[in-house]
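Structure first, then comments.
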Amino acid sequence: MSADRGRDETLESTWSTTTPMGTKAIDPQSIRNVTIIGDPDETTRVVHRLFRRFARTGSGAAATVHWVTGRVDHTIHIAELSSHAPIADLERSIRVADGVIAVVNAAVQSTPRLGTILRLADDHQVARLCLVTGLDHPAADFDRCVRTITETRGAVPLTLQIPIGIGAEFEGVIDLVSMWALEPMAVEFYGSHWKVAEQWYRNLVATVMERDTADTDAVPGLREIPPEQLHEGIRGRTRLGDAVPVLCDAVPWSDDIAPLLDAIVRYLPSPMHVCQPEHALDY
């Protein structure tokens, strides 16, 4: 049997899980094993919101949620780890994860552990996302968070969402990938924020598509890029470790966790696509 044939047959195999209704076959490509790392207060808030809204199995530091994206059922195994843990514990947890979500508080001026998390993930070729929280805090600085990722060895930030306002004026999030589908109504709704979003979108496309968008003649082309094409480019760069997608947490009074779950499914790899096959067994 050739190596390629063996790999194809492995990817087409199925796993099973035990549910209250019996044993259910699961396509391993629909599984995501992720570790959420950050300040305990921040990660706990994110994890509790996940489990408050969606079905959960398991207990303690690791649990499972089930999520549908693109009409496909996915099983997301979630572990939580404090960024204050010893470096050795951080490294082991990152090494055996298929993907890492680094939670960073926009109001904290110095985040040295964020750089450590991203570098460890890069060392072990683990895909990662960043979730920016605390955007409603008076000291919040979203741009500083993005710069921190930029200055960290290993990957460039892909800003997929930007906040509408900051601090006391924080009132929502603009999703850059899908925002063109909202025209022209969104232009009026977002007001001055729309122009800012356009520039962030140009930067995103330039990074993902490796296209020079400085020429204003290219702008109409940007509007015509299908979201699926951007998703594919983001997924490829994230799984290669070349990029770190950046998401914004929802406003405090919202339980909207769907964008984070969609990003986990769309951009982070399954156990069958990681560089180290033992991840699926270690997790």
Side-chain angles (χ1 to χ4, degrees), residues 46 49 53 67-71 104-107 129-147 149-150 156-235 237-238 243-267:
V46 172
R49 195 159 71 248
R53 288 204 57 192
W67 183 245
V68 178
T69 295
R71 298 183 181 179
V104 54
N105 191 320
L129 305 174
C130 274
L131 178 67
V132 181
T133 63
L135 292 165
D136 61 320
H137 193 281
D141 188 337
F142 177 73
D143 291 347
R144 181 177 61 227
C145 296
V146 176
R147 286 195 303 271
I149 301 170
T150 302
V156 297
L158 295 178
T159 304
L160 307 186
Q161 296 177 327
I162 60 171
I164 302 174
I166 202 75
E169 298 180 354
F170 176 53
E171 55 186 31
V173 169
I174 297 178
D175 188 290
L176 300 177
V177 176
S178 62
M179 71 179 194
W180 295 116
L182 304 174
E183 276 194 306
M185 179 180 62
V187 177
E188 180 179 355
F189 179 78
Y190 290 127
S192 61
H193 298 292
W194 183 262
K195 288 296 183 182
V196 176
E198 278 190 317
Q199 186 55 55
W200 280 99
Y201 181 78
R202 289 191 183 100
N203 296 339
L204 173 64
V205 170
T207 304
V208 175
M209 311 297 290
E210 298 183 351
R211 177 186 297 180
D212 182 8
T213 59
D215 184 358
T216 55
D217 292 338
V219 174
L222 294 179
R223 288 179 170 85
E224 297 168 2
I225 296 175
E228 294 76 14
Q229 185 177 354
L230 270 182
H231 288 317
E232 182 178 353
I234 295 166
R235 177 168 55 250
R237 297 205 62 176
T238 302
V244 180
V246 180
L247 305 175
C248 297
D249 199 14
V251 290
W253 57 86
S254 171
D255 277 344
D256 185 13
I257 204 71
L260 176 59
L261 291 170
D262 283 338
I264 291 172
V265 166
R266 284 178 176 142
Y267 309 132

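Heads up: numbering here begins at 1 and tracks the sequence. Note that the structure is a prediction, hence the values are computed from the model and not measured.
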Going by heavy atoms in the side chains, are [X] and [Y] under 4.5 Å from each other?
{"X": "Trp67", "Y": "Ile257", "answer": "no"}
{"X": "Leu129", "Y": "Ile264", "answer": "yes"}
{"X": "Cys130", "Y": "Ile149", "answer": "yes"}
{"X": "Phe142", "Y": "Val246", "answer": "yes"}

Open item on the list: Please enumerate all residues that pass salt bridge (charged side-chain N to carboxylate O under 4.0 Å, His left out) together with Arg147, with sequence neighbours excluded.
Closed with: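 Checked Arg147 against salt bridge (charged side-chain N to carboxylate O under 4.0 Å, His left out); zero matches.
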
Task: Partners passing salt bridge (charged side-chain N to carboxylate O under 4.0 Å, His left out) against Asp136 (at least two apart in sequence or in another chain) - done: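 Here no residue qualifies.
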
TODO: Using a strict cut-off of less than 4.0 Å between a Lys/Arg side-chain nitrogen and an Asp/Glu carboxylate oxygen, indicate whether Arg235 and Glu232 qualify as a salt bridge.
DONE: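 The answer is no: the pair does not qualify as a salt bridge.
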
Task: Nearest heavy atoms of Asn105 and Gly134, plus distance in Å - done: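 Between these two residues, the closest heavy atoms are OD1-CA, 3.7 Å.
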
Open item on the list: For a quick test of reading the model, state the closest non-hydrogen atom pair linking Val104 to Cys145 and the distance between them.
Closed with: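 Answer, listing the atom of Val104 first, then Cys145: CG2-SG, 4.2 Å.
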
TODO: Name all residues meeting the side-chain hydrogen bond (donor to acceptor under 3.5 Å, both in side chains) criterion together with Thr238; count only those two or more places apart in sequence or in a different chain, and write none if there are none.
DONE: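 With neighbours one apart ignored, the set is empty.
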
Task: Under the side-chain hydrogen bond (donor to acceptor under 3.5 Å, both in side chains) test, residues paired with His231 that sit two or more places apart - done: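 Testing His231 for side-chain hydrogen bond (donor to acceptor under 3.5 Å, both in side chains), a comparison that skips the adjacent residues, returns Tyr267.
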
TODO: Say whether, by atom type as modelled, one donor and one acceptor occur between the side chain of Arg237 and the main chain of Thr207 under 3.5 angstrom.
DONE: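 Side chain of Arg237 to backbone of Thr207, a donor-acceptor pair under 3.5 Å: yes, one is there.
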
Open item on the list: Within this structure, what is the CG-CZ distance for the pair Leu260 and Arg49, rounded to the nearest 0.5 Å?
Closed with: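 One gets 8.5 Å once the value is rounded to the nearest 0.5 Å.
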
Open item on the list: Nearest 0.5 Å, please: how far is CZ in Arg266 from CD1 in Ile234?
Closed with: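 So the CD1 of Ile234 and the CZ of Arg266 are separated by 9.0 Å.
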
Task: Evaluation steps, side-chain contact (heavy atoms from CB on, under 4.5 Å), between Thr69 and Leu261 - done: CA-CA 9 Å; Thr69 295; Leu261 291 170; over 6 Å; no

Please tabulate, for the side chains in residues 160-178, all donor-acceptor contacts under 3.5 angstrom to protein atoms that are two or more places apart in sequence or on a different chain.
| unit_1 | atom_1 | unit_2 | atom_2 | d |
| --- | --- | --- | --- | --- |
| Gln161 | OE1 | Cys248 | N | 2.9 |
| Asp175 | OD1 | Val177 | N | 3.2 |
| Asp175 | OD1 | Ser178 | N | 3.1 |
| Asp175 | OD1 | Ser178 | OG | 3.1 |

Check side-chain contact (heavy atoms from CB on, under 4.5 Å) between [X] and all other residues, then give those that pass, not counting sequence neighbours.
{"X": "Val187", "result": "Glu183, Trp194"}
{"X": "Pro226", "result": "Glu228, Gln229"}
{"X": "Gln199", "result": "Arg202, Asn203"}

